[in-house]
Structure formats: C-alpha cells, structure tokens
Amino acid sequence: MEEVEVAPPRAHEVRIKILCTSICHTDITFWRQEGIHPSIFGHEAVGVVESVGEHVREVAVGDMVVPVFTAQCSECPDCLSDRSNLCSKLPNVPGSMPRDGTTRFSFASTGEPIRHFISVSSFTEYTVVDVTHVVKFDAAFPPEMACLLSCGVSTGVGAAWKVAAVEPGSNVAVFGLGAVGLAVAQGARMRGAKRIIGVDLNPDKFEIGKRLGITDFINPNDTGGKTVSQVIKEMTGGGADYCFECIGSTSAMAEAFQSSRMGWGKTILLGVVGNATPIGIPSHDIIRGRSVIGSLFGGIKPKNDIPMLAQKYLDKPLRRLK
C-alpha cells in the first residue's frame with residue numbers, strides 16, 4: 001500500500017471516491033509490461049463524485065458514476081457515427097489526462113508523479129477522470145453491478161449485440177469463460193443464438209456458464225487428440241457462425257478463426273495481447289468468406305449504451321450470478 005496525493009480536478013474533470021473496483025485481466029497484462037511504472041492500475045469501478053472542475057455540467061457532487069476507459073465527447077465524427085466507439089477528439093493518452101497530458105497523482109512522501117492507467121486508475125480511494133469518461137447512474141442501482149458494467153459485462157454483451165449482431169438461431173463459440181466470455185454468452189443468448197459453445201480449460205466454468213447461456217462445453221485438454229476447431233466443426237456441421245476470442249492469446253485467436261464457418265463465419269477478437277505477436281491466419285481462408293473483426297469495449301458508446309444495459313439488468317434479461 002502506498003499513500004498518494006490526488007490533486008483537485010481541473011476544467012472538464014471529475015474527482016471520484018471509489019466505492020468498489022474489480023480486477024480485469026487487462027490490468028495484469030499491462031502491469032507485466034516494462035516502462036509504464038509507477039502507475040495506478042484498475043479501470044473497472046463505481047464511485048461517487050467528490051468534486052468537479054470548471055465546465056462540468058452533466059454530473060454533480062454526490063452523483064453515483066462509473067468511470068470508463070473510452071471517451072464519448074458526443075461531438076467528434078466518431079462519437080456521432082454508429083460505426084465507431086472511438087472518440088477522435090479525446091483519444092487515450094498513455095499515462096496521463098487526455099486534455100493536457102499531465103497527471104493528478106503523486107507520491108505523498110516524495111511528490112514524484114504517478115502515471116494514470118487508460119484514463120481511469122481505480123485501484124485507489126480517489127481518482128480523477130475526464131467528464132467524457134464518466135457515466136451517471138441512479139443512486140439506487142446496485143454498485144457492485146454498476147462496477148461490472150464499466151468494463152467486463154458491457155464489453156461482452158456489446159460484442160454480441162453491436163459488433164457481431166448475432167442472429168437468432170446461430171451457432172456461437174466463446175473462447176475463454178471469464179467475465180467477458182460469460183457476458184458474450186449472455187449477449188448471444190439474448191440475441192436468440194441456438195447453440196452457444198464455451199471453450200475453457202476449467203471444467204467448473206461449464207456449470208457457471210449454463211446459468212448464463214452456455215449450451216455446450218469443450219475442454220481443450222479433453223478432445224481426444226482433435227483440435228478445438230475440429231470438434232466445433234463436427235458439433236455445428238461446418239463451423240460456428242460467430243466465434244469470440246476473450247482470452248488475449250494469438251494461438252486462441254487463430255483457433256477461433258479456424259472454428260468459424262467457411263462462407264460467412266465471423267471471428268470477433270476481444271482479448272488484449274500484451275505484445276505485438278501477429279496472428280497466423282491463412283490468406284486463402286480469408287478470401288473464402290470468413291472475416292475477423294476487433295472489438296474494443298464491445299463497440300459500446302458508454303453514455304448511450306451503458307444505461308440501456310443497466311435497464312436490462314433491472315428488467316432481468318441480463319442475469320447475475322449469485
């Protein structure tokens with residue numbers, strides 16, 4: 001534990017008292033990298049607004065909010081388009097605040113500056129974020145669920161709903177049944193998928209997954225010498241219509257692609273890889289109708305879509321493990 005100073009918010013910024021935060025594998029991936037320390041990690045959280053800077057109008061002191069790692073300025077061409085959820089006005093600035101490139105964190109003992117992490121930095125009692133990275137919640141909403149909507153659940157459900165646009169009656173394969181993969185299963189179920197195949201090394205994930213939409217389970221260590229893609233092709237009569245990679249492994253990405261159906265199979269990549277390792281996909285398979293698409297935050301526009309997902313939780317289509 002370290003004692004740090006958290007500076008007051010500047011113009012267009014909000015200082016938040018963190019109520020709860022959870023760990024995402026992306027935090028671990030970046031924590032292991034060289035050259036980005038000291039940093040305050042964490043990006044999946046919920047909190048209460050403690051103070052606001054000048055020109056902040058949409059939230060006030062006392063509001064419950066979730067900080068998110070993608071901005072939505074609602075003004076730039078990307079924010080105004082349905083084709084992107086990447087804000088071109090305020091792109092992520094590694095290690096600092098997006099508008100001025102400075103930090104609001106420092107060590108209390110030495111005054112040494114501390115880097116921000118993807119515009120959130122939630123592993124601290126207080127954080128400062130730009131108002132474009134904040135989504136307001138009703139104070140009565142369960143904070144632990146709001147926390148998950150700030151990253152994992154929104155990323156997975158959004159990937160099935162917005163990026164893949166899973167069609168009713170489809171065959172879906174989900175590689176990696178962590179928080180994001182299980183959320184993908186939920187999104188696919190809500191979209192009417194017929195068969196949702198979960199792929200994971202942990203057999204306990206099948207029982208968990210069945211409660212959220214998984215219909216079949218494959219353990220890569222228990223396939224009788226066959227590849228996962230061979231098993232999925234046999235189960236689906238040619239391959240899954242949609243494959244989601246939620247691990248952050250280039251070999252799993254390639255296997256997910258090989259598990260997709262020739263002609264129209266779509267592979268959606270959600271996992272974050274900690275290096276620049278290329279994905280091995282034969283070019284002749286691409287031109288035969290398969291496609292690969294990346295998905296950041298599930299295509300979610302946070303200020304538009306997270307409130308919609310919150311309502312789906314309250315209305316019960318979006319299930320919660322108990």
Side-chain angles (χ1 to χ4, degrees), residues 2-22 27 30 36 38-80 85-139 141 143 146-147 149-151 154 297 300-307 310:
E2 292 279 355
E3 185 174 343
V4 301
E5 293 283 348
V6 183
R10 298 183 184 178
H12 307 286
E13 296 175 359
V14 179
R15 187 159 62 183
I16 301 169
K17 179 179 180 180
I18 300 295
L19 295 177
C20 59
T21 184
S22 51
D27 297 307
F30 281 91
I36 63 170
S39 296
I40 295 178
F41 291 93
H43 64 282
E44 192 171 69
V46 62
V48 174
V49 174
E50 180 269 343
S51 57
V52 300
E54 293 181 330
H55 311 305
V56 173
R57 301 287 183 268
E58 64 184 89
V59 296
V61 172
D63 286 343
M64 187 168 82
V65 295
V66 296
V68 291
F69 66 90
T70 57
Q72 185 180 347
C73 74
S74 302
E75 298 174 353
C76 71
D78 290 79
C79 285
L80 295 174
N85 68 334
L86 304 177
C87 179
S88 52
K89 179 181 178 180
L90 292 170
N92 186 270
V93 179
S96 62
M97 297 297 292
R99 294 180 193 263
D100 62 11
T102 62
T103 177
R104 303 294 170 266
F105 300 121
S106 61
F107 285 101
S109 57
T110 66
E112 177 189 359
I114 305 172
R115 294 166 59 94
H116 291 252
F117 179 62
I118 55 176
S119 302
V120 176
S121 292
S122 61
F123 293 167
T124 175
E125 292 180 285
Y126 291 86
T127 189
V128 177
V129 301
D130 194 272
V131 70
T132 57
H133 289 265
V134 168
V135 179
K136 183 179 176 180
F137 266 67
D138 188 290
F141 196 87
C147 177
L149 286 173
S150 71
C151 181
S154 296
F297 203 19
I300 288 290
K301 288 184 181 292
K303 294 179 187 291
N304 297 354
D305 296 327
I306 289 180

Quiz item: What's the verdict on side-chain contact (heavy atoms from CB on, under 4.5 Å) for Ile16 and Val134, showing C-alpha distance, side-chain angles and the deciding distance?
Solution: CA-CA 10 Å; Ile16 301 169; Val134 168; 4.3 Å; yes
Less than 4.5 Å apart, side chain to side chain, heavy atoms only: is that true for [X] and [Y]?
X: Met97; Y: Thr103; result: no
X: Asp63; Y: Phe137; result: no
X: Ser122; Y: Thr124; result: no
X: Phe30; Y: Ile36; result: yes
X: Met64; Y: Phe141; result: yes
X: Val6; Y: Thr127; result: no

Quiz item: Out of curiosity, Cys73 SG to Leu80 CG, how far, rounded to the nearest 0.5 Å?
Solution: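 Interatomic distance, Cys73 SG to Leu80 CG, rounded to 0.5 Å: 7.0 Å.
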Quiz item: Distance from Thr70 atom OG1 to Lys301 atom NZ, nearest 0.5 Å?
Solution: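 So the gap between those two atoms works out to 9.5 Å.
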Exercise. Assess whether side-chain contact (heavy atoms from CB on, under 4.5 Å) is satisfied between Phe107 and Glu2, documenting all intermediate values.
Key: CA-CA 8 Å; Phe107 285 101; Glu2 292 279 355; 4.1 Å; yes
Quick check: closest heavy atoms across [X] and [Y], and the distance to 0.1 Å?
X: Phe297; Y: Ser154; result: CE1-CB, 3.8 Å
X: Pro113; Y: Pro38; result: O-CG, 3.9 Å
X: Val129; Y: Pro67; result: CG1-CB, 4.2 Å
X: Val128; Y: Ala7; result: CG2-O, 3.4 Å
X: Phe69; Y: His133; result: O-CE1, 3.5 Å
X: Ala45; Y: Cys147; result: CA-SG, 3.6 Å

Quiz item: Can you name the one residue among Val48, Val66, Val65 that meets side chain to side chain contact (heavy atoms under 4.5 Å, CB included) with Leu19?
Solution: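 Exactly one option meets the side chain to side chain contact (heavy atoms under 4.5 Å, CB included) with Leu19, and it is Val48.
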Exercise. Determine, step by step, whether Arg15 and Glu50 satisfy the salt bridge (Lys or Arg N to Asp or Glu O under 4.0 Å) criterion, reporting the C-alpha distance in whole Å, the side-chain angles of both residues, the deciding distance to 0.1 Å, and the verdict.
Key: CA-CA 6 Å; Arg15 187 159 62 183; Glu50 180 269 343; 2.6 Å; yes
Practice problem: Examine the side chains of His116 and Ser96 and answer whether a donor and an acceptor come within less than 3.5 Å of each other. | Solution: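 Looking only at side-chain atoms, Ser96 and His116 do not form any donor-acceptor pair under 3.5 Å.
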Self-check item: Polar contact flag, side-chain donor to acceptor under 3.5 angstrom, Ser150-Glu44
Solution: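 No, no side-chain donor-acceptor pair sits under 3.5 Å.
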Self-check item: Lys/Arg-Asp/Glu bridge criterion (N-O < 4.0 Å) met for Lys136, Glu58
Solution: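 No, this pair does not count.
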Exercise. Please assess Val59 against Val14 for the test side-chain contact (heavy atoms from CB on, under 4.5 Å), listing each intermediate value before the final yes or no.
Key: CA-CA 9 Å; Val59 296; Val14 179; 3.9 Å; yes
Exercise. Determine which pairs satisfy side chain to side chain donor-acceptor pair (under 3.5 Å) with at least one residue from residues 104-114, sequence neighbours left out, and list them in order.
Key: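 Side chain to side chain donor-acceptor pair (under 3.5 Å) check on residues 104-114 returns Glu13-Arg104, Asp100-Arg104, Thr102-Arg104.
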Quiz item: Can you list every pair that meets salt bridge (charged side-chain N to carboxylate O under 4.0 Å, His left out) and has a residue in residues 114-132, with sequence neighbours left out?
Solution: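 Residue pairs passing salt bridge (charged side-chain N to carboxylate O under 4.0 Å, His left out), neighbours aside: Arg99-Asp130.
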Self-check item: Aromatic contact, Phe117 with Phe41 (centres under 6.0 Å)
Solution: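 Yes, ring centres under 6.0 Å apart.
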Quiz item: Who passes side chain to side chain contact (heavy atoms under 4.5 Å, CB included) against Asp78, sequence neighbours left out?
Solution: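 If we apply the side chain to side chain contact (heavy atoms under 4.5 Å, CB included) test to Asp78, skipping adjacent residues, the hits are Cys76, Ser84, Ser88.
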Quiz item: What's the verdict on side-chain contact (heavy atoms from CB on, under 4.5 Å) for Phe123 and Asp27, showing C-alpha distance, side-chain angles and the deciding distance?
Solution: CA-CA 10 Å; Phe123 293 167; Asp27 297 307; 3.9 Å; yes
Quiz item: Of the options Asp305, Asn304, Asn85, Thr132, which is the one that meets Gln72 in a side-chain hydrogen bond (donor to acceptor under 3.5 Å, both in side chains)?
Solution: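 Exactly one pass, corresponding to Asn304.
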